[in-house]
Each structure stands twice: as C-alpha cells, then as structure tokens.
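Below is one structure, written out as structure tokens; the observations come after it.
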Amino acid sequence: MQAARQTLSTRIGSHGVLILYTLIALFPVFVIVTNSFKTRRAIFRDPLALPDEESFSLIGYETVMKQGDFFLYFQNSMIVTVASLFFILLFGAMAAFALAEYRFKGNTLMGLYLALGIMIPIRIGTVAILEMMVSTGLVNTLWALILVYTAQGLPLAVFILSEFMRGVSDDLKNAGRIDGLSEYKIFFRLVLPLVRPAMATVAVFNMIPIWNDLWFPLILAPAEETKTLTLGSQVFIGQFVTDWNAVLSALSLAILPVMVLYVIFSRQLIRGITSGAVK
Amino acid sequence: MATPSGQSKIRWHVVVFLAPAVLVYTAVMIYPLFNTMRLSFFNRIDQERVFVGLDNFRTLFGDAIWSDQFWNALGNNFWFFLIHMLVQNPIGIALAAILSSPRLRFAALYRTAIFVPTILSFVIVGFAWKLILSPIWGIAPDMLDAIGLKFLYAPWLGKEEYALTTLSLVSVWQFVGIPMMLIYAALLSIPEEILEAGECDGITGMAAFWKIKLPLILPSIGIISILTFVANFNAFDLIYAAQGALAGPDFSTDILGTFMYRTFFGFQLQLGDPHMGSAIASAMFLIILVGVCLYLFGIQRRLRTYQF
C-alpha cells in the first residue's frame, strides 16, 4: 500500500514537472501566434486572451504581405536548404562509401581529416570565406550559401554514413560484382537504397540549422533578391519595431514553415538522435 | 611494399567517390580556416596587404581600446557558457530522467513539445522573448503580478547587470531539448537487468538514478558539455537578433561572435577590418581547440564507457 501510494505520487509529480516545462516551452510561441491575429488595442489590453470576434484582425499580415517579399525569401530558403541537403547527401554518401568499402593508403587519415570539421565550427573561417566569395563573384548568390552549408554538413554526414555502410553485407556487393555491375552501379543501385534511413537522419540533422542560420546569409548574401527567410524576417522586424501587428505576424509566418517541417520530420529527427547517431 | 613505379594502377572509382566531398570540404572549410589564420598576420597599409607578424595580436591584447573589448567579450562568453552548464544541462538531465521512467504516459508528446523551441530560429526566439519581456507590452510584469512577485520585475534586457544572464537563460530555454534527447537516449540504452539487479539490492527510485544511472550516462554528459562549449563559443545569432551588433546595453551582452562580426564586417560608423577580424577568429579557434583538446585528452579518457 505504501509503495503503491508512493508510485502514484511520483507519477503525478512526473506529469506535473513535464506539463510545467511543456507550458514553458510552448508559451512564447502561443503568445506570438495568438496575438498576431488581434487588433493593436487587443494586443495591449489583454495579451493572453485568444482572439475573438471583436478583437480578430489580419492587419499585421496585410502589412507583411505588402512590405516584405516573403515569398521570395521563402523560395530562397527552400532552394538553399534543398540544394545543400542534396549535395551533402550525395557527396557525403560517395565519400563514406569510399572510406567504408575500399582499402587504400591513407584511408584512416582521410577519415580523420574529414572528421575534423565535426568539432571545428566553419564560422571561424568566415573572413577568408567572404574574401573567396568576393573574388569568385559568388557573393550575393545562393551558390555561396549552398557551398558553405555543404562543406559544413559533410563531416558529420561522412561520419554517420560510413558507420552505416560498414554494416551493408559484403555478399550482396560481391554478388553484384560477379554479375558484372560496375562499382558505381553497386553504389547507386545496391548500397544507397539500403542506407536510406541513415540518409534521412543526416538530412533532418542538417535541415533545421541550415534553414535557421543567420550568420552566413547576413555576410555572404544580404542582397534583397538572395535574402533567406531567416534574414528577411530579421531585417523586416528590425524595420517595423513599432508596428506590433506586423512584427507578430512576421514572426508567426517565420514560425510556420519550421513547424510544418518539424511536424513532418519530428519522428525521424527524434529517432535519429535517440538511435545514437551522434555519439 | 610496392615501389612507386610498380604500383598497381590507380583505382579511379575510389578517387571519383572521394573527390567531390574532399574538394568542397577543403576549398570551403579547411582552406579558409587556415587562410583566416594567415590573414591575422597581415594588415592593410597604404592600400596594400603587408605582412606585420604579430602586430595585430599586439593591438588586440595591448591596445586598451581593443583589449578591453576582447576581455569583456571573453568574460561574457564564459558567463554565457557557465549558465548553460549550470542550468541547461541539469534541467535537460532531469527532464530526460523523468521521461525515461517506465510506463510513463504521453512521453512522446512531452518530448516533441519540449523540443519545439530548439527548432525555431534565433530570430524568432530573440524577438519573441524581447516582446514578452518588454515593459511596454507587459506580459512578464502582469504574470509576475498574478503570483504576487511584481517587485521582481525589471526591464531585464535593458539593464546592463541582467541583460547577459537573461539572454543566456533564453538560449537555455531554446536548447534544453538537445541535452534532454541525448541523455534520454543514453538512459534508454541502460539494460533492464542492471536496474533489476539494483532493485534486488534495494536500490530504487532516486537512489537508482544517482548510484546506477548517473555513472553510466557520464560519457553522454561529457559529449553534451563539449557540444555546449563549442556552440557557446561561436554563438552570435541570438545576441544579434535580440540586441543588435552593438550587443547593448553598453556592450554588456557582447560575446566573441558579435565582437568578431563588428570588427571584420564593420557596423554603423565602424569600418570593417578583415585583418583584426582574423586575429579575433584565430583567438576563438585557439580557445575552441584548447577546450576540445582538454575534453578529448583530459576528460574523455577518464570516463569509462560501458558496452552492453
């Protein structure tokens, strides 16, 4: 009886703590999104209330749509993220396959060289990256960002994928070789489909930091036509500090795409982290 | 074994597989990294780039205008890191410990919800908290008022003595999900038999956590600490989004990332100076390198990893 009561109270305590922290985690998002649908008066009079018939207003969203080029920013972010992920996965998988499959001189050394970048942040080299992009004319193009994010994502991708590729059965590959498949076909037709779960993990790990990055868009591609959504909303909000409706709407619009991505990929992301892919 | 001339022919497919990754990685990451170190030994004199040896570092550490800013940023950065270690990681571990208790309902739901702030961009987080803590809007004072603690309220982000701590806590709020997930994974990987053996010896509940689970997850705590260290010492976005490049009020939230940005990119009236910027970047590189080495050779070796 004593033990049972204790477990019940522990269980209530656990849920209490978790509910409290969940509220802390979600509260700011909730406040921002609900207030973005309210009139200016209502935002200030009762910030915690939900919008009702009287206080409902889309004026903030109208301002945002008129002033900021959010569709362009969104498109830029999309292009940068998708292209970077494509290159990270393609190049990363190819290199991982070479490291996992073939014995050659300097194999271990190459692996270590590629792994260096896991711990060293690419931002340290920003000064030289900017000079390079200026001298190659890539500054203010989306290519500058794609290249940087690809380089940034490769080390961890190679590391995770090569672990997985070591697990692919040799018999399968040798059977392919006997059937006369070239090494390229073995990689693309046999190995790639088998490591798809690991590729998904790598993609999800890289997606959110690339989408959310502010540093490189600010430095390498601040032009109007190459602004990403993160930079675009930063600049927009900075200009409209006093227009609370517009700021709250812009924030909500910036939250929306990430939340959609998260809802779609959260299971993959959490499985990736908890399966020990980053150990 | 094989002589250089008699080597078996190059396996071109290996080269083809490796080349794209190695080229992009070397050209966009490693080369700029070293080039930045190299640039820190140069300066622009009369429109020409001249080798000046350690002069930039002498300016950075010797000239009071520079060195004050540098030490201020470094000190702030250590405070930023300390708060993460003292608040973020313990909360993360506690949440993970609760989440991993067996037969807990809605665990997946809590996990997903608590991870939400981590996926938001710094811009959203910075502005959202700025608005919530703002004295104009009044959400924070009203909420404190509701629990009778209104006297505690101050415009935290606008006061020199609180701004950095407030932003550190905002950053903690944002990233608590990461230690939580990693520790959660580590706790789940502890085999049931070990815990049952402990139960037979009468070790349950909190005692089981302190005596069995915590020693087993120490390696994960080590990894989290070094990840936190590296992330904190090249942080920039949150401070920039919330306080701007001048890291106000009066540089009280200036950390190495914002200091480097202001120096090399220029801001408002200050002209950009890539060479001094490189010198700061080199200093940051050194700090991160020392931290990583301390961890790899000092701490990680002493932590026992158990294979189950």
Side-chain angles (χ1 to χ4, degrees), chain A residues 14 17-18 21-22 24-26 28-29 31-32 44 47 91-92 94-95 97-98 102 104 110 114 117 119-129 131-132 147-148 150-152 154-155 158 183-184 208 212 214-215 219 230 233-234 237 247 251 254-255 258 262 266 270 273-274 276 278-279, chain B residues 11 13-14 17-18 20-22 24-25 28-29 32-33 35-36 39 95 98-99 101 104 110-117 119-124 127-129 131-132 137-139 173 181-182 184-185 188-189 205 223 230 234 236-237 240-241 257 264-265 274 277-278 281 284-285 288 292:
Chain A
S14 304
V17 172
L18 288 172
Y21 201 85
T22 304
I24 295 176
L26 296 182
V29 179
V31 171
I32 298 295
F44 283 96
F91 295 170
M94 283 163 65
F97 182 68
Y102 308 112
F104 55 92
M110 187 59 90
L114 286 171
M119 274 300 175
I120 301 165
I122 192 169
R123 284 183 186 186
I124 304 283
T126 308
V127 178
I129 292 177
E131 290 205 346
M132 185 172 78
L147 277 172
V148 167
T150 306
Q152 171 185 269
L154 276 172
V158 172
E183 294 296 321
Y184 304 108
I208 288 169
N212 282 341
L214 179 62
W215 175 263
I219 288 164
T230 307
S233 43
Q234 203 270 333
I237 295 166
V247 168
L251 283 172
I255 292 174
V258 211
Y262 181 57
S266 71
I270 286 165
I273 298 177
T274 50
V278 281
K279 268 183 218 161
Chain B
R11 289 180 294 172
H13 52 92
V14 180
F17 279 132
L18 273 175
V22 174
V24 173
Y25 173 70
V28 188
M29 183 153 182
L33 196 63
N35 203 17
T36 303
L39 282 177
L95 289 173
I98 299 174
L99 272 180
S101 54
L104 181 84
Y110 290 129
R111 222 170 44 190
T112 313
I114 295 175
F115 204 73
V116 163
I119 60 154
L120 299 178
S121 84
F122 295 95
V123 174
I124 299 170
F127 274 103
W129 278 100
L131 297 183
I132 289 170
W137 199 5
I139 287 193
W173 170 82
M181 288 296 184
L182 293 175
Y184 176 69
L188 287 187
S189 72
I223 291 172
V230 175
N234 91 91
F236 161 81
D237 310 50
Y240 182 79
F264 101 90
F265 206 66
S278 305
M284 286 166 75
F285 179 61
I288 290 175
V292 172

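Protein chains get the first letters and strands the later ones, always in sequence-line order, with residue 1 at the start of each.
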ask   = Between B:T112 and A:Y262, does a side-chain contact (heavy atoms from CB on, under 4.5 Å) hold up when you go through it step by step?
value = CA-CA 9 Å; B:T112 313; A:Y262 181 57; 3.4 Å; yes
inquiry  = Let's go through A:M119 and B:I288 carefully: what are the C-alpha distance in whole Å and the side-chain angles of both, what is the deciding distance for side-chain contact (heavy atoms from CB on, under 4.5 Å) to 0.1 Å, and is it a yes or a no?
reply    = CA-CA 9 Å; A:M119 274 300 175; B:I288 290 175; over 6 Å; no
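Note on A:F97, A:Y102, A:F44: by heavy-atom pairs under 4.5 Å with chain B, the leading option is A:Y102. The residue among B:V24, B:N234, B:V22, B:I139 with the most heavy atom pairs within less than 4.5 Å of chain A is B:N234. Chosen from B:P20, B:S278, B:A113, the residue pairing most often with chain A at heavy-atom distances under 4.5 Å is B:P20. Across B:W173, B:Y240, B:F265, the residue that shares the most heavy-atom pairs under 4.5 angstrom with chain A is B:W173. Ranked by heavy-atom pairs shorter than 4.5 Å toward chain B, the options A:V158, A:V31, A:V148, A:I237 are led by A:I237. Of the listed residues A:S233, A:S14, A:G92, the one with more heavy-atom pairs under 4.5 angstrom with chain B than any other is A:S14. Note: B:I119 leads B:L99, B:I132, B:I119 in heavy-atom pairs under 4.5 Å with chain A.
One distance of note links CG of A:L114 with CE of B:M29; it measures 10.5 Å at 0.5 Å rounding.
Considering all non-hydrogen atoms of both residues, B:G257 and A:W215 come closest at O-CZ3, 4.0 Å. Residue B:P117 comes nearest to A:A25 through the heavy atom pair CG-O, 3.6 Å, listed as atom of the first residue, atom of the second, then distance. Minimum heavy-atom separation, B:A21 to A:L154: O-CD1, 3.7 Å. Between A:L251 and B:A128 the shortest heavy-atom distance is CD1-N, 4.2 Å. Residue A:P28 comes nearest to B:W129 through the heavy atom pair CG-CZ2, 3.5 Å, listed as atom of the first residue, atom of the second, then distance. For the pair B:T36 and A:T126, the tightest heavy-atom approach, listed with the atom from each and the gap, is OG1-N, 4.5 Å.
Heavy atoms of A:I129 lying under 4.5 Å from chain B belong to its backbone as well as its side chain. Looking at A:L26, the atoms closer than 4.5 Å to chain B (heavy atoms on both sides) all sit in the side chain, from C-beta outward. For B:V14, the parts lying near chain A are the backbone and the side chain together; criterion is any non-hydrogen pair under 4.5 Å. For chain A, the nearby parts of B:F236 are the backbone and the side chain; heavy atoms of each come within less than 4.5 Å. Contact annotation for A:V29: only side-chain heavy atoms (C-beta onward) come within less than 4.5 Å of a heavy atom of chain B. For A:I32, the part lying near chain B is the side chain, with the backbone staying farther off; criterion is any non-hydrogen pair under 4.5 Å.
Counting only heavy atoms from C-beta outward, the side chains of B:F17 and A:Y184 approach each other to under 4.5 Å. A:L18 places a side-chain heavy atom less than 4.5 Å from the side chain of B:L104. At a threshold of 4.5 Å between non-hydrogen side-chain atoms, the residues A:N212 and B:L120 do not count as touching. Taking the side chain as every heavy atom from C-beta outward, A:M132 and B:N35 never approach each other to under 4.5 Å. In this structure the side chain of B:F122 never reaches within 4.5 angstrom of the side chain of A:Q234, judged on heavy atoms. B:S121 is not listed as a side-chain neighbour of A:L214, based on a closest heavy-atom distance of 4.5 Å or more. Between A:I219 and B:F264, the closest side-chain pair of non-hydrogen atoms falls below 4.5 Å. The closest side-chain heavy-atom distance from A:M110 to B:L18 is below 4.5 Å.
Within the 3.5 Å criterion, the main-chain N or O of A:G117 finds a donor-acceptor partner in the side chain of B:Y25.
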